[in-house]
Structures are given as C-alpha cells and as structure tokens.
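Read through the structure below, which is laid out as structure tokens, and then see the notes.
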Amino acid sequence: MSTTETERWICESCGFIYEQEEGDPDGGIPPGTPFADIPDSWFCPVCGARKKDFVLYED
C-alpha cells in the first residue's frame, strides 16, 4: 500500500521517477520532500517536463 513516505511519481514524457527519499537536490528539492510540496515551477531534471506531467507511479 502506498503512503506519502513511499509514493513515487513518474514523468509521462521520459519515465524519470521522482522519489521522495532522494528529492532533486540539483533542482532545489531537498531529500524527503513530498511531491505535493514541490513548487509548480519545478520541472523534470531529465527532459524538462512540468510537474503536472507527472503521475503517481504504481509498481
């Protein structure tokens, strides 16, 4: 079962997976940041897609 601590979000454009534990330090998102708390101005570090182009990743 998914919780906010284990949620992963996948970029529909390139397949990059945002993991809360790792964050995106190069993009200014510290480790442990829930996806919901990421600013809407953030973008995929791989392809540049917008945050709204990510969907919840289900294993």
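Along the sequence shown, residues carry numbers from 1.
Between atom SG of residue Cys44 and atom CD of residue Glu12 there is a gap of 11.5 Å, rounded to the nearest 0.5 Å. Rounding to the nearest 0.5 angstrom, the gap separating the SG atom in Cys11 from the NZ atom in Lys51 is 13.5 Å. In this structure, CD on Glu58 lies 10.0 Å from CZ on Arg8, to the nearest 0.5 angstrom. A distance of 13.0 Å separates CD1 of Ile17 from CH2 of Trp9, quoted to the nearest 0.5 Å.
Atom CZ of Phe16 is surrounded by more than 12 heavy atoms from other residues, nucleotides or ligands within 6.0 Å.
The hydrophobic cluster containing Phe54 also contains Val46, counting ILVMFWY residues as joined when their side-chain heavy atoms lie under 4.5 angstrom apart, directly or transitively.
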Extract all donor-acceptor atom pairs below 3.5 Å that involve side chains of residues 22-41 and protein atoms in other chains or at least two apart in sequence.
residue	atom	partner	partner atom	Å
Asp24	OD1	Gly27	N	3.4
Asp24	OD2	Trp42	NE1	2.9
Thr33	OG1	Pro30	O	2.7

